[in-house]
There are 2 protein chains.
Amino acid sequence: MLQVSQRGQDIPASPFRKMTPFADAAKRRGLTVHHLNIGQPDIETPPAVMAAVQQVDIRVLEYSPSAGHLSYRLKLADYYQRAGINVTANDLLITTGGSEAILFALMCCLNPGDELIVPEPFYGNYTAFAVAAGITLVPVTSYIEDGFALPPLTDFEQVITPRTRAIMICNPNNPTGYVYSRAELTGVLELCRKHDLFLLSDEAYREFCYDAPYISALHLPDADQHVVLLDTISKRYSACGARIGAFVTKNKDLQEAALRFAQMRVSPPGLAQLLGEAATDLPDSYFDLTKAEYQARRDLLVARLRQMPGVFCPTPGGAFYVLCHLPVDDTDRFAQWLLEKFEHNGETLMVSPAAGFYATPGLGQQQIRLAYVVNQTSINRAMDCLALALQQYPGRIEPQAQAQDVQKAQAHA
Amino acid sequence: MLQVSQRGQDIPASPFRKMTPFADAAKRRGLTVHHLNIGQPDIETPPAVMAAVQQVDIRVLEYSPSAGHLSYRLKLADYYQRAGINVTANDLLITTGGSEAILFALMCCLNPGDELIVPEPFYGNYTAFAVAAGITLVPVTSYIEDGFALPPLTDFEQVITPRTRAIMICNPNNPTGYVYSRAELTGVLELCRKHDLFLLSDEAYREFCYDAPYISALHLPDADQHVVLLDTISKRYSACGARIGAFVTKNKDLQEAALRFAQMRVSPPGLAQLLGEAATDLPDSYFDLTKAEYQARRDLLVARLRQMPGVFCPTPGGAFYVLCHLPVDDTDRFAQWLLEKFEHNGETLMVSPAAGFYATPGLGQQQIRLAYVVNQTSINRAMDCLALALQQYPGRIEPQAQAQDVQKAQAHA
């Protein structure tokens, strides 16, 4: 019988998007929906960067080299040098978004059936990439009570097998906002050195660290052969639609293998490369305003959440996400209820239930991710809605039961 | 030991690009190199289409829906309807070039270890996609003496095994320029129906058929559940750098699986989708001039080739390629010699040796692909070079030996 392949059946639908039909229905009923569910920044794409595409004179929109335009790769190497990351144009290739960099890394570092260790919760699409690459994603749980710090290295060692080939981290983290310390990163790298593993470091939110300086995996000594830095301009310059990223490693064998995967698809998007190249010319001060705005939003959001009884919320040090615990039975149900049954002055909010960020079944059912990609007025109104919703929601768990629940979670940890 | 994955080692370098260093060196020596080696059209990208990107007012360059902008999908369905292909917006999703459509199709139709039958010679990158998808590419040879017509269906049946899941064709064909007849397509589809196989039909060159009307796999009756049409705007509108393609099927299970792969990488390129959407508004007459120019070039190129002793060249009915037989020992060596040792009035030409288009070792060693993507003046000058080069090349095979060689090839067929 004609049927879809097993991997075509196994690949999960985006956990970010399954609530969309309910949001659309709410809007059709006339509600204002505050979108705190997806990491789509509201910050303006820098006009100077858009202008690079809009003012260029192109007679024939040709293929670019498979690794990307050399002029862009040279300038991108400069950008990394300014960030203290010692790479040249030969150490990087331009990808179609960070997504393609992730796929190339999995393809080049792991064979089908090999294992990749990832701290959970993690970016939900990693699950889909694992299916596409035919590898096994092995989670190591980080806990909200620890602010989602890196799990103890012993937890990693316990799950290392002869099939383990790499550890993947996201730093600053999506969905937790946690920023790994130098000590944590050094610990992971040492583990990789001890067990001959690659360290795949997804650093899409590099510029958005609010409390401590940012450390890249490529800042560490003796990291060169182990580290692949996975990058994207999507969040940095509010250019998610461009689909421009980078695969960065000083490991020459890996870089050569990635180039052959890049040749397979001939070239990355041409117009968007112009945009990426222009972005490298932005002054470092470009990030000051954006960062200040995100930090103010974070502080507001965390403060508002902490005023709600039964809500537990660590302070995320980076990115633009908060992962918090709610006093509800199940955040999938709660998120849908917010869109279907709740309103406050004609408004409601859309959130990401956190179960989709965990590989371990059952985890994250009382957590949601909020992206502070809307302005402070919207954040305040969304939090007015959330506070009221938590009082009205039929599946609310009372603070007494709640406390026991958190204790159980801690005992499990 | 830290090492690149087996698939990272297996994936081949692009057969199109290995001659590039020799071409670069020739240019540094001051030679003019006529590029007949790569399918990069010289036709102007339609200014109205570029304008769609350059004049749009975008504040935030956001993610698009994973399937592509609905407005584009609706217009693209109209484009297909005008071409007699009965699909709606729900039957298609926008991909990052035709390349991504190919990868999604292999992922959705085959599991690792499954087999895909492809007539050879074929688009060289199919080999790399097979490695990335972990599948086995099984060639069925088409012969230059037959003008690269579809091999007999019995040749396909002989290689069908329990692991065979799909047949992939490229129509009009790259690299041969052959255009499959309705009878050939019907035969392949019947085979697919008989053996429960998918039919993956790469139709990038649809508009460029010079001698007979174009037949799509989706023009055939009872094709809906079997056919996936793989498409791209690259050649059609001379927009290779845009990286916009489409995955088209009326098989709902396949379309849903492809959407989940599309969600994995969030969205296709945003700016380039504007360009693709604008291209659907071009009048049908847009292709008249382009097609007339390509046809004139084809006729010139074939006529010039046939004047050269020992050169055998079928008349390709479509696309913008000619695959011809040369009286030389090995076209890899000859192509390199053209760039390193030959010149005529300060000029030479770059060609694609055909061995990279075959999966069967040893085939194609006396064939080259020429892309008629340069104007008629350049074609004439390139053919002046080729004619002279064939007289001077030390590895030339004399017509007598040559005739035996062709006879041997025919006997083998």
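Just so it is clear: chains get the letters A, B, ... in the order the sequence lines come, proteins before strands, and each one is counted from 1. Computed from a predicted model, the values in this text were never measured in an experiment.
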| When B:N111, B:L271, B:V60 are compared by non-hydrogen pairs under 4.5 Å with chain A, the top option | B:N111
| said: Is A:E256 close to chain B through its backbone or its side chain, or both, or neither, when contacts mean heavy atoms under 4.5 Å? | reply: neither
| said: Quick check: do A:Y237 and A:L275 have side-chain heavy atoms less than 4.5 Å from each other? | reply: no
| said: Using side-chain heavy atoms (C-beta onward) and a distance below 4.5 Å, is A:Q255 in contact with A:F247? | reply: yes
| request: Would you indicate whether the side-chain heavy atoms of A:E293 and A:F320 approach each other to under 4.5 Å? | output: no
| field | Contacting region of A:S99 [heavy-atom separation from chain B under 4.5 Å] | value | side chain
| Toward chain B, the part of A:Q3 with a non-hydrogen atom under 4.5 Å | backbone
| request: Could you have a look at A:E100, A:R265, A:M107, A:H195 and say which one has the most heavy-atom pairs with chain B under 4.5 angstrom? | output: A:M107
| Residue A:A133 versus chain B: region with a heavy atom under 4.5 Å | both
| message | Please evaluate residues A:L191 and A:L197 with respect to the criterion side chain to side chain contact (heavy atoms under 4.5 Å, CB included), reporting the C-alpha separation (whole Å), side-chain torsions for both, the decisive distance (0.1 Å), and the verdict. | response | CA-CA 8 Å; A:L191 207 61; A:L197 308 178; 5.6 Å; no
| Which value, rounded to the nearest 0.5 Å, describes the distance between A:T127 atom OG1 and A:D10 atom CG? | 12.0 Å
| remark: Counting heavy-atom pairs under 4.5 angstrom with chain A, the leader among B:S5, B:S64, B:G270 is B:S5
| note | Given B:A128, B:C240, B:G8, B:P41, the one with more heavy-atom pairs under 4.5 angstrom with chain A than any other is B:C240
| request: Among the options B:L110, B:T96, B:D253, pick out the one with the most heavy-atom pairs lying under 4.5 Å from chain A. | output: B:L110
| task | Pick one of side chain, backbone, both or neither for B:V266, based on which atoms fall under 4.5 Å of a heavy atom in chain A. | result | both
| query | Which atoms of A:L274 come close to chain B, meaning under 4.5 Å heavy atom to heavy atom: side chain ones, backbone ones, both, or neither? | reply | neither
| query | So do A:R243 and B:S267 actually touch side chain to side chain, heavy atoms under 4.5 Å? | reply | yes
| task | To the nearest 0.5 Å, tell me how far B:C108 SG sits from A:Q9 CD. | result | 10.5 Å
| field | Test item: B:I11 and B:R7 side chains (from C-beta on) under 4.5 Å apart, heavy atoms | value | no
| Do you know which of A:H226, A:Q225, A:R165 has the most heavy-atom pairs with chain B at a distance under 4.5 angstrom? | A:H226
| request: Taking the side chain as every heavy atom from C-beta outward, state whether B:F104 and B:R260 have any atom pair closer than 4.5 Å. | output: no
| query | Which region of B:L259, side chain (C-beta onward) or backbone (N, CA, C, O), has a non-hydrogen atom less than 4.5 Å from a non-hydrogen atom of chain A, or is it both or neither? | reply | neither
| message | Under a 4.5 Å cutoff for heavy-atom pairs, which residue among B:P12, B:A272, B:P47, B:G97 has the most contacts with chain A? | response | B:P12
| note | Okay, A:S66 and chain B: the region with an atom under 4.5 Å from a heavy atom over there is both
| said: Shorter than 4.5 Å, heavy atoms on both sides: which option in B:R59, B:Q6, B:M50 has the most such pairs with chain A? | reply: B:R59
| Any side-chain heavy-atom pair of B:L61 and A:V53 under 4.5 Å | no
